[in-house]
2 protein chains.
Amino acid sequence: MTKKKKVTKNLSTEEKIKASAKKLFTQKGFLATHTREIAEGAGINMAMLNYYFRSKQKLFDIVMKENLFLFLGGMVENIENNPRPFEEHLDYLVSHYIDLLLENPDLPLFVLSLMQSGKLTREYKDDPLFRKIAQWSTSSFKEIQGIMVKEKVKDVHPFHVVANMLSLIIFPFIASTLLMARSGNITRKEFEQQMIKRKKLIPGWIRSIMHGK
Amino acid sequence: MTKKKKVTKNLSTEEKIKASAKKLFTQKGFLATHTREIAEGAGINMAMLNYYFRSKQKLFDIVMKENLFLFLGGMVENIENNPRPFEEHLDYLVSHYIDLLLENPDLPLFVLSLMQSGKLTREYKDDPLFRKIAQWSTSSFKEIQGIMVKEKVKDVHPFHVVANMLSLIIFPFIASTLLMARSGNITRKEFEQQMIKRKKLIPGWIRSIMHGK
DNA sequence: GTCTATAGGGTGATAGAC
DNA sequence: GTCTATCACCCTATAGAC
């Protein structure tokens, strides 16, 4: 009855270990994942893990960095290749995140747990990718502020635009089980279909806040 | 430089242990919290923990149950004492949750981590409090559905009403650090002030979705 | 590169004195 | 009820044969 979904593709041992580790770390976190499980999942011995990665911690760092780059890399690329106002960027942004999260639904909780532990900001604050994202979000925030001043939206702080955008994109994935049960017992497939529909819905909701409608 | 915020109120040893355990479990989860830390936080010895609670697991179960009752208890009471349509309940609901989360900002991530592990539904699915909440949310969902049919909202599934309500309430607390940094570097105090403002804002946003505006 | 066997360290739990 | 000392276990990491 025990699940042993081994990663048995045609990969090098190193890649097999990384694939197994990524899956387990993302699902269970650092502490709850044991090197023995990772080895088992990769179909190799525990000693190989240390041969290739020196330690559990180093393996974790490498896997996490890849996860983060996955999360942010595509976005930065798009920002740099398509310099345009925030509001024109909005549709791409929402769509990109939702696509990413549909494929990696465990990513948000993983990243947020790391963030809460303070580890994330400590270790990656000087990373060029992180700096770019930070820079872009600062300028985007100022843009949002500008729009809201122009539109004379005074009862809603621009903070809520950012808060709502991230909430509406990310939270459903974190609480998918809860939401499926609380919305007429829909299936995983129906859930995913609704997430795809949100790609069109969320930008509208965000715009109506920004323009005070 | 090590923080040692001991729980040094005038409490019985048992209460001291529970207070220390609750704080640590909520912030770091089960595995990352060690019995030695809990004991240190309570200003007592590790052996006392087993004397009062038999094991780390039992202590965790007790503390978790209290956390859940905190999360749900007040709401169930209000639902039972004030039977009224969902939309009239909405303002109370949002307000209650935001007040609760302002005082217990670590609670959501804790509950969601538990939920993801499947432990929560397994252990508490027969709990009367859980059953009441489940029942109430089912009937509320049907009410929302009814309103949206009446208002001829066809391009938005009622799922999104529930999804958005929970997202807008809970997510900002999970990602507070991120949001503060991404919204003009606001302080914790300003963040909390905006959360209080959301008590009035969120019901409006939810209503406009329900009524197709 | 890959394995077996084992070292070394830390964790939860408990025995037993007071 | 509270403490000190210690056990038994499990986990990561590594040594060393192949």
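Below, chains carry the letters A, B, ... as their sequence lines are ordered, and counting in each starts from 1.
Defining each end axis of the helix from C:dG1-D:dC18 to C:dC18-D:dG1 as the rotation carrying four pairs' C1' atoms onto the next four, with five pairs an end, the two axes are found to diverge by 10° to 10 degrees.
A nucleotide of DNA chain D counts as in contact with chain A when one of its atoms lies under 4.0 Å from a heavy atom; the first and last such, 5' to 3', are D:dC11 to D:dT14.
In terms of phosphate contacts, B:Asn50 brings no side-chain nitrogen or oxygen within less than 4.0 Å of OP1 or OP2 of C:dG12.
Residue contacts for A:Arg54: at a heavy-atom cut-off of 4.0 Å it reaches the sugar-phosphate backbone alone, with no base atom in range. In this structure, B:Ser12 reaches neither bases nor backbone, as no heavy-atom distance under 4.0 Å exists between it and the strands shown.
Taking for each of A:Tyr52 and A:Met46 the nucleotide of DNA chain C with the nearest heavy atom, the 5'-most of the two is the partner of A:Tyr52.
C:dT11 atom P lies 14 Å from atom CG of B:Leu49, rounded to whole Å. B:Arg36 places its CZ atom 11 Å from the P atom of C:dA13, with the value rounded to the nearest Å.
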Using atom types as modelled, flag every donor-acceptor pair under 3.5 Å from a side chain in residues 58-73 of chain B to any protein atom, sequence neighbours excluded.
unit_1, atom_1, unit_2, atom_2, d
B:Asp61, OD1, B:Gln57, NE2, 3.1
B:Glu66, OE2, B:Lys18, NZ, 2.8
B:Asn67, ND2, B:Thr26, OG1, 3.3

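Take B:Lys56 and apply the side-chain hydrogen bond (donor to acceptor under 3.5 Å, both in side chains) test, not counting sequence neighbours, and it matches no residue. Here A:His89 pairs with A:Tyr92, A:Trp136 under the ring pair (Phe, Tyr, Trp, His ring centres under 6.0 Å) rule; sequence neighbours left out.
Applying the salt bridge (charged side-chain N to carboxylate O under 4.0 Å, His left out) test to residues at least two apart or on different chains, none of the pairs has a partner in residues 181-196 of chain A.
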